[in-house]
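Quantities reported herein were computed from a predicted structural model and do not represent experimental measurements. Every chain is numbered from 1, with letters handed out A, B, ... down the list of sequences.
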Protein chains: 2
Amino acid sequence: MQKNIKRMATMQRMQVTGLELFYKNGFYNTSVDDILKELDLSKGAFYYHFDSKEDFFIQIIENLLVRKVYSMLIEPVEGHSNTTDLIMKCYDDALETAVHNEMDFGFVLGNFIGEFNGRNPKIMKHLNDIIRIWEVNLVSVIQRGKFEGHIDRHADAEGVALFIMSSFMGVRTLMVETAPSARKYRFMSQLRVFLKSIENKQPVL
Amino acid sequence: MQKNIKRMATMQRMQVTGLELFYKNGFYNTSVDDILKELDLSKGAFYYHFDSKEDFFIQIIENLLVRKVYSMLIEPVEGHSNTTDLIMKCYDDALETAVHNEMDFGFVLGNFIGEFNGRNPKIMKHLNDIIRIWEVNLVSVIQRGKFEGHIDRHADAEGVALFIMSSFMGVRTLMVETAPSARKYRFMSQLRVFLKSIENKQPVL
DNA sequence: AATTCTACAAACCGACGAGTCGGTCAATAC
DNA sequence: GTATTGACCGACTCGTCGGTTTGTAGAATT
């Protein structure tokens, strides 16, 4: 059983640094050797654990990306306070990690979609699955907000979800290299304006 | 003078197909040979006209990208009707070309920024210049809207501009592969909601 | 008519990248 | 104590890619 632990540990290490480098340099622009150099491991080790670079990346998606999206973009909005407050807090936190140049997974997702779109349908499918999970969750959160009286019942939940996701992914692109902190602040203000505009004007008391 | 015309024609052909392929497959994932194959030209022709692949790309930015952004995202909002109407029409048109899978340059920009970020500062500078032009223009259009009484004078022009640009670039990412037409419609509806919320409530008559 | 220059063609180079394969070595099984 | 297996090493293959060099048909110049 001990070996299985070692196996898992090595695979985990590879995946973590793999995601880091793929995020920084892109998938096609990061060689397997780049990853291995960082870990003092050899080609043999890599291809002992993974079938191919593509297989490796898919396992990264399943093991790391999905979970991070859950913990950063899904679970935080599933609390029971006011819907718009939850959403504001969630994306404020997500953008804060972005300001500090850490991996925020909305951007990671957007980048990878840009990179694989039209080039690798297999990987695109996995990435789209994550987007769909994110979207479904946001839609249901907004619908819950409508039921609970926080959000105007005339609001289009799918539209609102799409708009939030879009603007979030977009602002991440605009935050690279130009005043990330100021742009975060401006963005959050406008997101609040938008969310205010779909709040229920006759709140349930 | 005739030779200069031929020279320009060949360079133009290279740049146009270059941009197309870079857009479809990414810069690093498109080889110079890929472009030349499409045009029945040889390496010699390419390196006769351009110093390097990077120089080639920078010329594409200056000659094609900048102009397209002007004609698609800047000039359309510089008319003299109602500001929000102009903005709506402009981004509706831009997303329509996106639906038809043609090159829309907001997405092109976003993709390239993702690809070059942290890897090629020189090219990043050129791309950021375009973003800045786009942003400055949007901000001034919104400020004009405030002066002319279409837009609430309390609105934060920089914030609104950023929010529009962000959401536009983001929705483009989400339009690839999943219901582009439906998402365009939903997005435009929400953009209208947002723009309504910053319209001047006591319009000048 | 001879020469020079333009606009390419074609072969080639060195570096790099994914994937392979024979070998190693420690741990475990018997 | 020997056989087996899991985890890994590192050299090698083969294709690709950015860039170079040499050559040359035809236009322009003299």
Is the shortest distance from a Lys or Arg side-chain nitrogen in [X] or [Y] to a carboxylate oxygen in the other one below 4.0 Å?
| X | Y | result |
| --- | --- | --- |
| A:R192 | A:E199 | no |
| B:E135 | A:R183 | yes |
| A:D85 | A:K89 | no |

For [X] and [N], what is the distance between atoms [atom1] and [atom2] respectively, to the nearest whole Å?
| X | N | atom1 | atom2 | answer |
| --- | --- | --- | --- | --- |
| A:D55 | C:dG19 | CG | P | 10 Å |
| B:M8 | C:dA7 | CE | P | 11 Å |
| A:I35 | C:dG17 | CD1 | C1' | 12 Å |
| A:L36 | D:dA7 | CG | P | 17 Å |
| A:F57 | C:dA18 | CZ | P | 14 Å |
| B:M11 | C:dC8 | CE | P | 11 Å |
| A:R13 | D:dA7 | CZ | C1' | 12 Å |
| A:L41 | D:dA7 | CG | P | 13 Å |

List the atom pairs, with distances to 0.1 Å, where a side-chain N or O of residues 30-37 of chain B and a protein N or O form a donor-acceptor pair under 3.5 Å, not counting sequence neighbours.
residue	atom	partner	partner atom	Å
B:T30	OG1	B:L21	O	3.2
B:T30	OG1	B:G26	O	2.7
B:S31	OG	B:D34	N	3.0
B:S31	OG	B:D34	OD1	3.2
B:S31	OG	B:D34	OD2	3.2
B:D34	OD2	B:S31	N	3.1

Can you tabulate the close N/O pairs, meaning under 3.5 Å, that link protein atoms to atoms of nucleotides 17-21 of chain D?
residue	atom	partner	partner atom	Å
D:dG18	OP1	B:K53	NZ	2.6
D:dG18	OP2	B:V32	N	2.9
D:dG18	N7	B:K43	NZ	3.1
D:dG19	OP2	B:Y47	OH	2.9
D:dG19	OP2	B:K53	N	2.9
D:dG19	N7	B:K43	NZ	3.0
D:dG19	O6	B:K43	NZ	2.7

message: Need the bend value for the helix from C:dA1-D:dT30 to C:dC30-D:dG1: angle between end axes, 5 pairs each end, nearest 10°.
response: 10°
With respect to the phosphate group of [N], does any side-chain polar atom (N or O) of [X] fall under 4.0 Å of OP1 or OP2?
| X | N | answer |
| --- | --- | --- |
| B:T10 | C:dA7 | no |
| A:H49 | D:dA7 | no |
| A:Y48 | D:dC8 | no |

Parallel, tilted or perpendicular, judged at 30° and 60°: which one describes the rings of [X] and [Y]?
| X | Y | value |
| --- | --- | --- |
| A:F22 | A:F27 | tilted |
| A:F112 | A:F57 | perpendicular |
| B:F163 | B:F194 | tilted |

field: B:Y91 ring center near B:F168 ring center (under 6.0 Å)
entry: yes
query: Between A:N137 and A:E78, do the side chains contain an N or O donor and an N or O acceptor separated by less than 3.5 Å?
result: yes
